[in-house]
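Treat the numbers as computed from the prediction; the structure is a model and nothing was measured. Chain A is the first sequence line, chain B the second, and so forth, proteins listed ahead of strands; every chain is numbered from 1. What's counted below: heavy atoms across the whole structure, side chains too, no hydrogens, waters or symmetry copies.
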Protein chains: 2
Amino acid sequence: MDRLLTNIAKHISLTEEETVLLTSLVTSKNLAKKTLLLEANQDCRYLSYVDSGALRSYFIDKDGKESTIMFAIADWWITDMYCYLNKKPAMMHIETIEQSTVFQLSRDNFDRLLETVPKFEKFFRILMQNAYTREQLRVMENLSLTAEERYHSFLMKYPQIVKQVTQKQIASYLGITPEFLSTLRKVKG
Amino acid sequence: MDRLLTNIAKHISLTEEETVLLTSLVTSKNLAKKTLLLEANQDCRYLSYVDSGALRSYFIDKDGKESTIMFAIADWWITDMYCYLNKKPAMMHIETIEQSTVFQLSRDNFDRLLETVPKFEKFFRILMQNAYTREQLRVMENLSLTAEERYHSFLMKYPQIVKQVTQKQIASYLGITPEFLSTLRKVKG
DNA sequence: CGAATTTCTTAAGGTACCTTAATTTTTTAT
DNA sequence: ATAAAAAATTAAGGTACCTTAAGAAATTCG
């Protein structure tokens with residue numbers, strides 16, 4: 001659980017005791033490639049920290065089209081945040097892209113952790129803050145950039161993710177068809 | 001400052017003393033219509049709570065095109081969050097749409113408040129959490145809905161904002177031209 | 001290893017939305 | 001109240017990106 005503890009230590013320092021509590025509230029899961037961690041309409045019970053591997057969340061619209069909401073590789077957190085926090089049926093699916101290990105915090109343990117160790121309010125404040133500003137930047141890019149520019153921005157911003165996912169998945173994150181991404185790539189790198 | 005205190009009381013309870021501290025850290029501003037509260041490239045020093053009126057944040061892309069990032073009417077918070085938190089030059093402009101009153105928390109006072117009254121970590125955790133899930137939903141709509149569907153979703157979601165802003169501003173929030181929004185409105189409601 | 005499946009590519013025709021520009025309507029300011 | 005400015009409408013022509021379809025390349029899995 002070293003990587004997880006280092007992730008947390010970037011923002012708050014835990015005592016021995018608090019570290020023990022945290023590890024007792026978290027469970028680890030080893031998942032084969034293409035395993036569904038969450039399905040739409042289910043109760044989204046877990047917030048997951050990716051220790052190794054790669055996952056993606058996506059949703060399926062009324063026409064059956066898939067859109068990737070986010071990728072999560074090592075050291076990222078992933079869940080259907082709105083539904084996790086508000087106990088609503090999930091809007092998203094979450095699946096492993098490759099064999100992965102995750103540490104999961106159930107909603108009950110999340111509440112317990114925040115009550116018992118208020119320091120974690122700061123940790124999650126920063127986590128949410130980063131997630132918010134990242135999404136806002138994505139909205140800004142969606143509003144102002146062409147598909148080609150968004151693709152290049154993605155390559156620059158997430159070079160590690162690019163190595164772990166297919167072009168089809170990148171296209172569905174960018175909001176374009178894989179066919180169109182393919183023609184973009186043909187013209188210039 | 002009643003409305004602001006009620007906004008905070010929805011998530012945390014403050015003692016008399018904490019309330020006094022908060023009010024001492026916040027300054028109020030009365031702003032005429034079309035006043036710029038923040039300009040791109042400036043230091044974004046304030047987080048603003050809208051007591052009355054209406055504001056919008058927008059950015060100008062390389063082609064000179066304006067995109068509205070958010071509207072903030074009474075009881076909303078607004079800033080260029082990424083630049084406020086990370087002390088980067090602002091990417092956005094923020095201006096009043098109508099005569100408005102805001103309460104502002106400077107970055108220094110924000111830090112002081114969080115250190116002095118850790119309870120505020122919870123308040124801002126929830127604020128960031130809501131902002132994050134709202135932006136994520138917007139990304140999902142941008143990826144899956146047509147311009148017309150996004151327009152109707154906006155009308156449903158923000159009926160009060162609709163009354164306070166122009167169609168041109170709504171178009172720039174939706175990522176379409178005002179001309180195209182106009183033709184959408186002609187066909188059906 | 002070989003068969004099945006999935007991904008990637010290519011291309012032709014189509015559509016959602018854009019650009020430009022001119023007119024009308026509404027709002028602002030003196 | 002009136003002039004000036006900004007917003008909204010309409011329309012014609014254009015483009016970024018989509019749909020469909022079929023073949024080639026890569027990956028998965030027995």
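With no hydrogens or angles considered, a side-chain donor-acceptor pair links A:R185 and A:Y151 at under 3.5 Å.
Two rings, from B:Y58 and B:Y173, have their centers 6.0 Å or more apart. Taking the six-membered ring wherever Trp is involved, the centroid distance between the rings of B:Y84 and B:F110 falls below 6.0 Å. Proximity of the aromatic rings of B:Y132 and A:Y82 is defined here by a centroid distance below 6.0 angstrom, and this criterion is not met.
If you check every strand for non-hydrogen atoms under 4.0 Å, A:K65 touches nothing. Residue contacts shown for A:T166 are limited to sugar-phosphate atoms, with no base heavy atom under 4.0 Å away.
Atom CG in A:D63 sits about 12 Å away from atom P in C:dA16, given to the nearest Å. Put simply, CD on A:Q169 is 14 Å from C1' on D:dA26, counting in whole angstrom units. Rounding to whole angstrom units, CG of residue A:L145 and P of D:dC17 are separated by 11 Å. In this entry the distance linking NZ of A:K168 with C1' of C:dT9 reads 14 Å, nearest Å. B:F180 places its CZ atom 14 Å from the C1' atom of D:dA11, with the value rounded to the nearest Å. We find that CD1 of B:I97 is positioned 12 Å from P of C:dT28, with the value rounded to whole Å. Between the CD1 atom of A:I170 and the C1' atom of C:dC8 there is a distance of 13 Å, rounded to whole Å. Atom P of nucleotide D:dG13 and atom CD of B:E179 are separated by 17 Å, given to the nearest angstrom.
Applying the 4.0 Å criterion to OP1 and OP2 of C:dA11, one finds that A:K186 has a side-chain N or O inside that range. Put simply, B:Q167 has a side-chain N or O that comes within less than 4.0 Å of OP1 or OP2 on D:dT9. Distances shown here put a side-chain N or O of A:R185 below 4.0 Å from the OP1 or OP2 atom of C:dT9.
Recorded end-axis angle for the helix from C:dC1-D:dG30 to C:dT30-D:dA1 stands at 70°, based on five pairs per end and rounded to 10 degrees.
For B:K34, counting side-chain heavy atoms from C-beta on, the closest listed nucleotide (D:dT9, D:dA6, C:dT10) is D:dA6.
Nearer the 5' end of DNA chain C, as judged by each residue's closest nucleotide, is the contact made by B:T177, out of B:K33 and B:T177.
Distance alone, capped at 3.5 Å, is enough to place a donor-acceptor pair between the A:S57 side chain and the A:M70 backbone.
Taking 4.5 Å as the limit, some side-chain heavy atom of B:L21 sits within range of a side-chain heavy atom of B:V117.
We find that A:K168 and A:E66 are not joined by a salt bridge, their nearest charged nitrogen and carboxylate oxygen being 4.0 Å or further apart.
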